[in-house]
Structure formats: structure tokens, C-alpha cells
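Below is one structure; the comments refer to it alone.
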Amino acid sequence: MEVQEIINEKNLVYQPSKLLTGAAFNFCPGCGHGTVVRLVMEVVEEMDIQSDVIGISPVGCSVLLYDFYNIDVIQAAHGRATAVATGLKRVLPDKFVFTYQGDGDLAAIGTGETIHACNRGENITVIYVNNGTYGMTGGQMAPTTIPGMKTSTSPRGRDVATMGHPLRITDIVASLDGACYVTRQAVHTPAAVRKTKRALRTAFENQKLKRGTSFVEVVCSCHSGWKMTPLQSNRWMEENMFPYYPLGDLKVMNGQT
Amino acid sequence: MAKIRGAIVVDAERCKGCSVCVANCPQQVIALGKTVNSKGYYYAEMAFADKCTGCVNCAIICPDGAISVYRVKVEN
Ligand SMILES: Cc1ncc(C[n+]2csc(CCOP(=O)(O)OP(=O)(O)O)c2C)c(N)n1
Ligand code: SF4
Ligand code: SF4
Ligand code: SF4
């Protein structure tokens with residue numbers, strides 16, 4: 001059978017979500033942000049909730065979500081996404097509200113908003129892309145930068161004696177009574193992508209159950225900030241980030257799928 | 001015996017030539033081509049089309065949503 005015969009509408013098994021506008025992603029080639037951004041719309045499309053979902057974009061490389069998504073998106077001030085989501089969800093409790101944030105946004109300038117929204121158990125979905133650096137501004141050290149990791153502001157590697165320890169904010173969130181589902185995933189292999197997609201689905205389904213905050217961390221590379229190729233950075237992430245940020249569920253309540 | 005055949009279509013203008021799909025195709029079907037798109041990226045192509053099984057691994061890992069996948073069962 002010729003390839004041209006296979007490429008036929010009736011044999012189509014995968015195409016990018018129709019909820020993407022088609023605008024080119026602004027991310028560097030190979031950046032995991034693109035994969036996560038895509039997966040969120042796949043889940044929204046499969047749940048058929050596109051007219052009832054509102055996203056909050058952060059300050060960071062993913063600031064332009066509103067250009068990529070055919071759904072409503074509000075852009076929040078740096079770190080304030082969960083505060084904006086709180087207001088939105090309380091005014092429009094029947095809408096699905098999610099934030100999409102990097103680690104500089106969620107775990108540095110927005111630490112207070114994040115912890116208190118999760119502690120209040122706001123019925124929202126928080127998507128947290130942790131690449132251990134401030135990607136957008138040039139790969140500076142973040143609270144999440146792992147020990148010894150070289151960044152533009154820790155050129156000899158993060159020294160915990162003077163620069164402190166990396167913040168595992170996801171572990172803190174898991175300890176809060178308001179959080180109903182807390183998980184840490186990745187998108188560096190097809191198997192990991194499938195798991196992240198299932199986690200995102202659970203995190204959105206939970207809003208129907210009104211159980212509290214669902215929190216999905218995705219450990220990603222920022223190869224531009226790390227000064228590696230996309231494939232090198234994925235390997236580096238497996239060897240160096242995962243031991244510090246182990247993948248898996250941190251909190252799952254009974255009855256969750 | 002029935003055989004599964006697949007094929008991918010890469011949106012050459014969306015592809016940024018990151019090679020993530022190349023490294024994650026279990027059948028080594030994909031390679032970056034020798035021509036560039038309008039942004040100057042060498043884009044991904046099916047280099048060994050008859051080996052594709054339509055497993056969708058490349059498409060679900062592509063950060064730019066540049067890949068569509070087709071699959072068909074061939075009786076022979
Ligand atoms: C109030 C404020 N402070 C600082 C900045 C500068 N700034 C822009 S993006 C960013 C950090 C982004 O890092 P992260 O959230 O990890 O996202 P990434 O770009 O890595 O995805 C900072 C500090 C800003 N825009 N506004
Ligand atoms: S700077 Fe880093 S996080 Fe931002 S798009 Fe590039 S690789 Fe991704
Ligand atoms: S993963 Fe996507 S963007 Fe990267 S080379 Fe393959 S098709 Fe192109
Ligand atoms: S569908 Fe599977 S076999 Fe075909 S090119 Fe993609 S990864 Fe390779």
C-alpha cells in the first residue's frame with residue numbers, strides 16, 4: 001500500500017486539537033511548554049467543555065496562551081494567577097477555571113498566592129511547569145533551581161550554603177487540606193506524555209466534584225536557559241531533576257479517577 | 001495476516017526541527033530533511049515510510065503540534 005493511500009481522512013488517528021488557533025507557539029524548538037499547552041486543549045476537547053473553561057496565563061514564556069487557545073484566557077500579573085482564578089471561580093462557579101504557570105511565577109513571586117489558594121481549597125486546576133529556572137528572562141536561578149545547577153545568576157552552580165535550598169512547593173501543597181489532588185509528571189517521553197494527560201484529565205474532572213484544588217506539576221527542561229540541545233536537556237533532566245523532583249502522585253483522594 | 005501500516009504528515013511550517021520526534025519514534029521512521037521552512041528550520045520528514053506503524057508517539061511528544069498520524073490495517 002502506498003503512503004498516499006494511507007493518508008486519508010478515514011485513517012486519521014491523531015491530529016492536534018482543534019481548540020488550538022493555529023498560531024505558531026512562541027516557545028524555543030523542543031520546549032516542553034508546547035507539549036503541555038497542547039495537552040491541556042486535548043483534555044478540554046475530549047471533555048467537551050471548551051465553552052465553559054477559562055484559563056489564566058502567567059508572566060513567563062507561556063504568557064501568550066490567549067494567542068494559542070480558542071477559549072477564554074485572562075493574563076494575570078506575575079505570580080497572581082491563582083488569585084485571579086479564585087475571584088473568577090467564585091463569581092462563575094460553574095466554569096472550569098485553570099491556571100498555567102512556570103516555577104518563577106508560581107513558586108517565587110507567587111508563592112503566597114499559590115499556597116493560600118490551595119490552602120483555601122479553591123475549586124480550580126493549577127498547572128505548574130517547573131523547569132528550575134526563569135526561562136523567559138534568560139535562565140536565571142529560581143527557588144526551584146537544584147543544587148549545583150548552573151544558571152546565568154549562579155554560573156558556578158547553586159551553592160545551598162549561600163543560595164538556599166530548592167523549594168519543593170508541590171510537596172508543601174500536598175500537605176494542605178485544601179488540595180485534593182497533587183501530582184508530579186513530565187513530558188519527555190511518549191509514556192510520560194500519556195500519564196500527564198491522564199493527570200490533567202483528573203485535575204479537570206475534580207472541578208465537577210467540587211473537592212478542592214487540583215495541582216499538576218510538570219517537570220520540564222528549559223534547554224535555552226540550560227544551554228543544551230532539547231535532547232541533551234531531557235537526558236540531563238532525567239539524571240538530575242528527577243532525583244530531586246520524583247515523578248508520581250503526591251496526594252489522591254478516594255473516588256478520584 | 002493483517003498488518004498495521006501508518007503514515008505521518010508533518011506541517012513543515014509549524015515544525016521547528018527540534019528532533020524530539022526523531023529520537024522518540026520506536027521504528028526510526030523520521031529524520032530531519034535537507035530543506036528549510038520559511039523560518040529557517042530543517043523540518044522533520046518520513047525517511048523510512050514503510051516502517052511506520054501509526055503508533056502516534058511522535059505526534060503526542062511534538063511540542064509544536066506539527067504531526068498528524070494515519071493508521072490502517074492491511075490484509076494480505
Ligand atoms: C512584577 C514582575 N517582576 C518581574 C518580571 C520579570 N519576569 C518576566 S518572566 C519572569 C520569570 C519567568 O519564569 P518562570 O515563571 O519560571 O517561567 P518560564 O519562562 O521559565 O516558563 C520574570 C522574573 C515581571 N514581568 N513582572
Ligand atoms: S526559554 Fe526555556 S522555557 Fe522559555 S520557551 Fe525557551 S526553552 Fe522553553
Ligand atoms: S517534534 Fe515536532 S517540531 Fe520537533 S522536529 Fe519533530 S515535528 Fe518538528
Ligand atoms: S507514528 Fe510511530 S512509527 Fe510512525 S513515525 Fe510516528 S512514532 Fe514513528
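Below, chains carry the letters A, B, ... as their sequence lines are ordered, and counting in each starts from 1.
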message: If I measure from the heavy atoms of chain A, does B:K73 come under 4.5 Å with its side chain, its backbone, both, or neither?
response: neither

task: May I ask you to decide if B:C62's main-chain N or O and A:R38's side chain share a donor-acceptor pair within less than 3.5 Å?
output: yes

field: Nearest heavy atoms of B:N24 and A:P190, plus distance in Å
entry: OD1-CD, 3.2 Å

- prompt: For B:K51, does the NZ atom have more than 12 heavy-atom neighbours from other residues, nucleotides or ligands under 6.0 Å away?
  reply: yes

query: Just wondering, are more than 12 heavy atoms of other shown residues or ligands nearer than 6.0 Å to CZ in A:F242?
result: yes

task: Could you tell me whether B:Y41 atom OH has more than 12 heavy atoms of other residues or ligands within 6.0 Å of it?
output: yes

message: Show the nearest heavy-atom pair for residues B:I61 and A:V193, with the distance to one decimal.
response: CG1-CG2, 4.1 Å

task: Give the minimum heavy-atom separation between B:C18 and A:P230, together with the two atoms involved.
output: O-CG, 4.1 Å

task: Name the region of B:C21, side chain, backbone, both or neither, that has any atom closer than 4.5 Å to a heavy atom of chain A.
output: neither

- request: Kindly indicate whether the side chain of A:F27, heavy atoms from C-beta on, has any atom under 4.5 Å from the side chain of B:P63.
  value: no

- prompt: Which bit of A:E42 is near chain B, if near means a heavy-atom gap under 4.5 Å: side chain, backbone, both or neither?
  reply: neither

message: Quick check for you: to the nearest 0.5 Å, what is the distance between B:Y70 atom OH and A:E5 atom CD?
response: 14.5 Å

message: Taking every non-hydrogen pair under 4.5 Å, which of A:E9, A:H33, A:R194, A:Q15 racks up the most with chain B?
response: A:R194

message: Tell me if a side-chain donor or acceptor on B:R5 pairs with a main-chain N or O of A:E2 at a distance below 3.5 Å.
response: no

field: Heavy-atom closest contact (A:P16 atom, B:S68 atom, distance)
entry: CD-OG, 3.9 Å

message: Less than 4.5 Å to any heavy atom of chain B: does that hold for the side chain of A:I7, its backbone, both, or neither?
response: both

task: Tell me, for A:H188 versus chain B, whether the close heavy atoms (under 4.5 Å) come from the side chain, the backbone, both or neither.
output: backbone

task: Might you confirm whether atom NZ of B:K39 has over 12 heavy atoms from other residues, nucleotides or ligands at distances under 6.0 Å?
output: no

- request: Please name the pair of heavy atoms, one in B:A7 and one in A:V3, separated by the smallest distance, quoted to 0.1 Å.
  value: CB-CG1, 4.1 Å

query: What residue, out of B:V72, B:D64, B:V20, B:I60, has the most heavy-atom pairs lying under 4.5 Å from chain A?
result: B:I60

- request: Decide yes or no for B:R71 and A:Y14: does some side-chain heavy atom of the first lie under 4.5 Å from some side-chain heavy atom of the second?
  value: no

